[in-house]
Amino acid sequence: MSFHKNEHFQVLKADKKSKARAGILKTWRGDILTPVFMPVGTCATVKALTMRDLTQSNAQIILANTYHLFIRPGHELIRQAGGLHKFMGWDRPILTDSGGFQVFSLSKMRKITDESVVFRSFKDGAKCEFTPEKVARIQEAFGSTIMMVLDECVKYPEVEKKAEIAVERTFKWAKRSYKEYEHIQQEHNGEFKNFMFGIVQGSVYKELRKRSAEQITSIPFHGYAIGGLSVGEPNELMYDVLDYTTDYMPLEKPRYLMGVGEVNDIIEGIARGVDMFDCVLPTRLGRHGALMTPYEKILIKNAAYRTDFTPIMPNCSCYTCKNFTRAYLHHLFRAEEILSSMLNSIHNVHFLVRLAELCRMALINGNFNEFYNDYKKGELNKYAF
RNA sequence: GGAGAGAUUCCCAAGUGGUCAAAGGGAACGGACUGUAAAUCCGUCGUCUUCGGGCUUCGAAGGUUCGAAUCCUUCUCUCUCCA
């Protein structure tokens, strides 16, 4: 296996009392300042948001999904379009998930072997087969700034034996993925600029997490993700797993906690050394009428907001909070107006992006501990979102 | 004036002798959502309850029946058509 020099990621500042750090991930599409929250745009759209909304929310990078885009419109069409960036009109970095999460979420309609995973298409039920190599090639066609390896994400709870099988399979697949990455690199005469991240599995078993982390980090990916969390386990358990898992991951590479996006999970994750987060929560909750704030969700459809002429958060500078009241958002939701999804999602995405940004600022200024304590004391609302 | 049709729990609307506190939909009230098969899904929705059940409802009043939202009588109101 060949190596690239680790110039693409730097830790700029590390907290003394926790494992939190602020860093910079340099991609050819632009720098990503970490900790970072990445909104999810599975089908090449962050639902209900325009690229302008995302830019205004300071989203530095967004996600898309290999499985969904493979099914529709197909990676060849996206290649034809000039790549995913051009296709969707987004020029900042894009991270594409591999379809590994669909191994978990579509478990009722898939068959997994060491060789590959076969899914039934959500669109028409047709069979589609994913191998680590194929998934890498699809993401190459997209031109994903960060491509993820195909992994096996197990459900929670899962017995240790099955979790172990998934760990071993994930490792085998990771090696095949990296090999394919090297092939792609050779085909581009070493000029291929997009990154590939590996994924650590192991469910909630310490020994498995350790083994998986050691296995995956033995491969020189540009970054390492922690997968298989936030799949239904209790929060404290997730923090425990996270705590010991990051201990087995190198300091000098970015760490990405996949699928996590509750306020407390992001802050606790950062404290445990996580640099990157992604989650569908802000957009899904937005569409479902739940507005995120530091300590509670505002269910905007509730009667209490019918005549509440205040913004969601007075200390939030998002377009929604600056211009509209809860009463108006309540009305839009009740009337099932499209603008409801849009304005709610704008707030939620802005809020989480900003939350990660506040953590980063605290880290850079050397007062993350104070920020963390404020969070614990219920005083996060004194910060400007 | 004549001939029909109809009135069901907030709204629409099933139900034509017991299995009916009464289908279904909407509204209302509450909840869930973590690498998106999600603009989705789930509760509650007459009333009281020691959760066993009790009590009051199907325009109104009487009646038939062991038993009525359902059958009969009268009344009230609404709608359609013809003069």
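The chains referred to below are lettered A, B, ... by the order of the sequence lines, with proteins before strands, and numbering in each begins at 1.
Rounded to whole Å, the separation between the C1' atoms of C11(B) and C45(B) comes to 14 Å. When the C1' atom is compared between U9(B) and C20(B), the two are found 12 Å apart, to the nearest whole Å. Annotation: G15(B) and U70(B) have their P atoms spaced 15 Å apart (nearest Å). When the C1' atom is compared between C12(B) and U8(B), the two are found 12 Å apart, to the nearest whole Å. For A69(B) and G62(B), the P atoms lie 15 Å apart once the distance is rounded to whole Å. Rounded to a whole angstrom, the distance from the P atom of A13(B) to that of G59(B) is 14 Å. The separation of C71(B) from C58(B), taken at their P atoms, amounts to 15 Å, rounded to a whole angstrom. Comparing the C1' positions of G24(B) and C75(B) gives an interatomic distance of 33 Å, to the nearest angstrom.
The phosphate of G30(B) has OP1 or OP2 within less than 4.0 Å of a side-chain N or O from N302(A).
Applying the 90° criterion around 0 to the glycosidic angle, G52(B) comes out syn.
Cluster annotation: I219(A) is connected to I226(A) through the hydrophobic network of ILVMFWY side chains, with a link wherever side-chain heavy atoms come within less than 4.5 Å.
Under a 4.0 Å N-O distance rule, the pair K297(A)/E262(A) qualifies as a salt bridge. By the 4.0 Å N-to-carboxylate-O rule, E214(A) lies close enough to K210(A) to be salt-bridged with it.
Applying the salt bridge (Lys or Arg N to Asp or Glu O under 4.0 Å) test to pairs two or more places apart or on separate chains, none has a residue in residues 52-65 of chain A.
G43(B): Watson-Crick or G-U partner is C29(B), with both key distances under 3.5 Å. Base pairing analysis places A5(B) opposite U78(B); the two distances defining the Watson-Crick or G-U wobble pair are each below 3.5 Å. Under the Watson-Crick and G-U wobble criteria, each requiring two contacts below 3.5 Å, nucleotide G35(B) is left unpaired. With a cut-off of 3.5 Å on both pairing distances, the Watson-Crick or G-U wobble partner of U73(B) is A61(B). Pairing for U16(B) is absent, judged as Watson-Crick or G-U wobble with the two contacts each under 3.5 Å.
Contact check of residues 350-359 of chain A against RNA chain B (heavy atom, cut-off under 4.0 Å) returns no residues at all.
Qualifying salt bridge (Lys or Arg N to Asp or Glu O under 4.0 Å) partners for K161(A), counting only residues two or more places apart in sequence or in other chains: E164(A). A search for salt bridge (Lys or Arg N to Asp or Glu O under 4.0 Å) contacts involving R169(A) returns D114(A), E152(A), not counting sequence neighbours. Qualifying side-chain hydrogen bond (donor to acceptor under 3.5 Å, both in side chains) partners for T246(A), counting only residues two or more places apart in sequence or in other chains: K19(A).
Aromatic ring centres of F309(A) and Y328(A): separated by at least 6.0 Å.
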Checking I61(A) against T27(A) for the side-chain contact (heavy atoms from CB on, under 4.5 Å) test, could you report, in this order, the C-alpha distance in whole Å, the side-chain angles of both residues, the deciding distance, and whether it holds? CA-CA 10 Å; I61(A) 169 174; T27(A) 80; over 6 Å; no
Each nucleotide of nucleotides 32-41 of chain B classed B (base within 4.0 Å of a protein heavy atom), S (only sugar-phosphate) or -, in 5' to 3' order, makes BBBBBBBSB-
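A ring pair (Phe, Tyr, Trp, His ring centres under 6.0 Å) with F119(A) is found for exactly one of F101(A), F104(A), F130(A), namely F130(A).
Nucleic acid contact for R334(A): sugar-phosphate only, since backbone atoms but no base atoms lie under 4.0 Å from a heavy atom of the residue.
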